[in-house]
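Inspection log for the structure reproduced underneath, given as structure tokens.
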There are 2 protein chains.
Amino acid sequence: MSTPSGGGAKVPLPRAGTVGIKHVAQHAGVSPGTVSNVLNRPERVAPATRARVERAIRELGFVRNGSASTLRAGQSSSIGLMILDLGNPFFTDVARGVEDVASERGYAVILASSGGSHDKERRNLTVLAEQRVRGVLITPVDQEGDQAELLRRRGVAVVLLDHPTPRANQCSVAVDDVAGGELAVGHLLEQGARDVAMVTGPSVLRQCADRRKGALRALRAAGLGRDALREVAVPAMNARAGQEAAQRLLEGDLPDAIFCANDLLALGVLRVLLQAGVKVPGDVALIGYDDIEFTAAAAVPLSSVRQPTYQLGRIATDLLLDECDNPSGHAHQQVMFQPELVVRESSRQLIAQPEG
Amino acid sequence: MSTPSGGGAKVPLPRAGTVGIKHVAQHAGVSPGTVSNVLNRPERVAPATRARVERAIRELGFVRNGSASTLRAGQSSSIGLMILDLGNPFFTDVARGVEDVASERGYAVILASSGGSHDKERRNLTVLAEQRVRGVLITPVDQEGDQAELLRRRGVAVVLLDHPTPRANQCSVAVDDVAGGELAVGHLLEQGARDVAMVTGPSVLRQCADRRKGALRALRAAGLGRDALREVAVPAMNARAGQEAAQRLLEGDLPDAIFCANDLLALGVLRVLLQAGVKVPGDVALIGYDDIEFTAAAAVPLSSVRQPTYQLGRIATDLLLDECDNPSGHAHQQVMFQPELVVRESSRQLIAQPEG
DNA sequence: CGCAGGGGTTGACACGTTTTAATGACTTGG
DNA sequence: CCAAGTCATTAAAACGTGTCAACCCCTGCG
């Protein structure tokens, strides 16, 4: 009974993994169509038949061939998620939000990271397009190339993630980085800083450009010119790059305060400053961006700008799947969150200092 | 010329994204077989023909249908990577190694995270199996269920990642966690600790169990019984869980030293201890595990146990792809790395203390 | 001039699933 | 007891690509 090879096997079972719907059908004594029904509309199959088919599936170790389903259906039931950097907790938090919602709504997520490279972005998007994903969530490397536009023309739903757009023909979810930059630097100025440095990543990254714009705006509001902002650009957005930036700053006169375009940079900067005997915030105030989990546990608890990270992922995915499930009746939305200043020890001082 | 709808379109072009090899063939005035050749064996096609086809591909915005290819080929050219926790830098570092090698060798990576849940692990593996991935790299949730075994039976190559195996019928890449636990606790004892606590995650996790085993071994070697080890088990392996563990420890007498099963836990513990006014390492020595980037920048630079993370990913992927590309002539290997103790401030003291 | 050989191209089929229209069995009401 | 349904199941036709044997045409050699 339990020997699958027993029943007059007209179709011999090749290596496992090649068991198809037909084999199951034969084993259960039904037609392939019925097996398909068991898999996709179980309620249309008589209970007895269904049980027989399900047993055959178990016994043969059948696994549905997703390629064939997708081919037949014309589209898969997965979405692509393209982020900038796997090593940045900001993005992995976003990814958690995406996965949770997708899973709730019966979609699988294909996660890919561009690492900030146009080339990798393009290659990964090609793979996603070939997989006929239902839609794509993307944090683009920059405004230009606009790979996303190509996808949208091909009928793939696209939602921009952590990237606002003025265009009304697509969804986007973002946090106001200009406001965030203004918050951060405004706070530093309030604390008495007059000579502010900004450590920033590649200027093609919108996040960097916008946060810088906000920083300049804060300076202007305080009656300072843009020369008041010393800029240190590094080629990446991780702690190592932050260390490099700090070393460069140590070569000259130190500023009053440093605004880092993200927390990873800030952690790197902090480390080098402390090693060099610079007191934070005594000698230099420091603030980062993203408020990742580790900032609170840093050598000096780091001030930062908080974003609704997990929510960002959730909402973007909701928008995307709404568009997928109901392409015609979908109204594109551009969602913009406001960031929140989180003040910790690293930037508390200056004017308050004289007392001690 | 440039109007695709121009040439006596027998096959009308439906919505973009539905452009198939046939449309391209017609547009270029060749047969579908030739287009396929251009895509897969360009050298067999005459240069002039190839150019014509490539132009048609560009003009029509053709994108190969991966499902159809995979269906026809019987297997895809992607591999699955199943990790325990997206939020742990250890795993994202591993993932970087995997992606780099896979990309070098022409494979795509489908990244999935089980989050330590059997259920999610099983669901994700099912998706991977349905996608007919060439192979799977997996850090299993625990030894039991052995979902990986099922995959292997179905003819999918499987390499265990960060998980050793005694079985000779499969590849595995791991770091000796027992040795790591012994290193960590041995170090704490050398520093004069006598009352050691271990903060650990779910005991089903092999990493936790092995590191604990190593810890006990170190105690035994020092002539101490296993009661010398106070254990605090928390349900997750992140900073929040670490905070919870520290709060529990604060309710009773504090130990001399704390060994955390990973750095995220250690960062959480550190934070709560410092907030409670406990001096680290003055009152309590602390050591973590994994040596993630943030440990060095922590409030008190954290001692840890370093693993060759990126290499782990690279080597595992090499093994997997060797097996995929040459299934018959492949010799299974069980690779085991040795961890390395990294001593920083958080565990330096005790016996040296009396001097100051 | 005829023929062998080979490079270039073609056409048809197979991959495994889903779907649709049609078939068969079985129930119900007249 | 038959007609008209209802419900469960089936057979066959797609989806888009890759492969393979067959075919055509041109060149070079006898």
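Below, chain A is the first sequence line, B the second, and so on; all start at residue 1.
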Practice item. Inspect the contact between A:Glu54 and A:Arg58 and indicate whether a charged nitrogen and a carboxylate oxygen are less than 4.0 angstrom apart. Key: no
Q) Does D:dT9 have OP1 or OP2 sitting under 4.0 Å from an N or O in the side chain of A:Thr34? A) no
For B:Val173 and B:Leu319, the nearest pair of non-hydrogen atoms, with its separation, is CG2-CD1, 3.7 Å
Separation of D:dC7 atom P from A:Arg50 atom CZ, nearest Å, is 16 Å
Respond yes when some side-chain nitrogen or oxygen of B:Arg64 is under 4.0 Å from OP1 or OP2 of D:dG18, and no when none is. yes
Of the candidates C:dT9, C:dT17, C:dC15, the side chain of B:Leu71 sits closest to C:dC15
(request) Would you mind classifying the nucleic acid contact of B:Thr49 as base, sugar-phosphate or nothing, using non-hydrogen atoms under 4.0 angstrom? (result) sugar-phosphate
A:Leu39 CG to C:dG16 P, in whole Å, measures 15 Å
Whole-Å distance, A:Lys22 NZ to D:dA11 P, equals 13 Å
Quiz item: Judged by atom type as modelled, is there a donor-acceptor pair below 3.5 Å linking the side chain of A:Ser172 to the main-chain atoms of A:Leu160?
Solution: no
Between A:Asn37 and B:Gly33, whichever has its closest DNA chain C nucleotide further toward 5' is B:Gly33
Between B:Ser36 and D:dG18, is there a side-chain N or O to OP1/OP2 distance below 4.0 Å? yes
By nearest-heavy-atom nucleotide on DNA chain C, the more 5' of B:Arg72 and B:Arg52 is B:Arg52
For D:dT19, does OP1 or OP2 lie under 4.0 Å from any side-chain N or O of B:Arg41?
yes
When rounded to whole Å, the CD to C1' distance for the pair B:Gln75 and D:dT17 reads 15 Å
Touch class at under 4.0 angstrom, heavy-atom based, for B:Gly20 against every strand present: sugar-phosphate
Q.
Using a heavy-atom cut-off of 4.0 Å across all strands, would you classify B:Val30 as base, sugar-phosphate, or nothing?
A. sugar-phosphate
Open item on the list: For D:dG18 and B:Asn40 - does any side-chain N or O of the residue sit under 4.0 Å from the phosphate oxygens OP1/OP2?
Closed with: yes
Quiz prompt | Salt bridge flag under 4.0 Å for residues A:Glu323 and A:Arg134 | solution = no
Item to complete: Would you classify B:Val45 as touching base, sugar-phosphate or nothing, given that sugar-phosphate means primed atoms plus P, OP1 and OP2, and contacts are heavy atoms under 4.0 Å?
Response: sugar-phosphate
If only side-chain N and O atoms count, and only distance matters, is there a donor-acceptor pair under 3.5 Å linking A:His118 with A:Asp142? yes
When rounded to whole Å, the CD to C1' distance for the pair A:Glu43 and D:dC7 reads 13 Å
B:Phe62 atom CZ is separated from D:dG16 atom P, nearest whole Å, by 10 Å
Taken to the nearest whole Å, CD1/B:Ile21 to P/D:dT19 is 11 Å
Scan A:Ser69 against the nucleic acid and name what it touches under 4.0 Å (heavy atoms): base, sugar-phosphate only, or nothing. sugar-phosphate
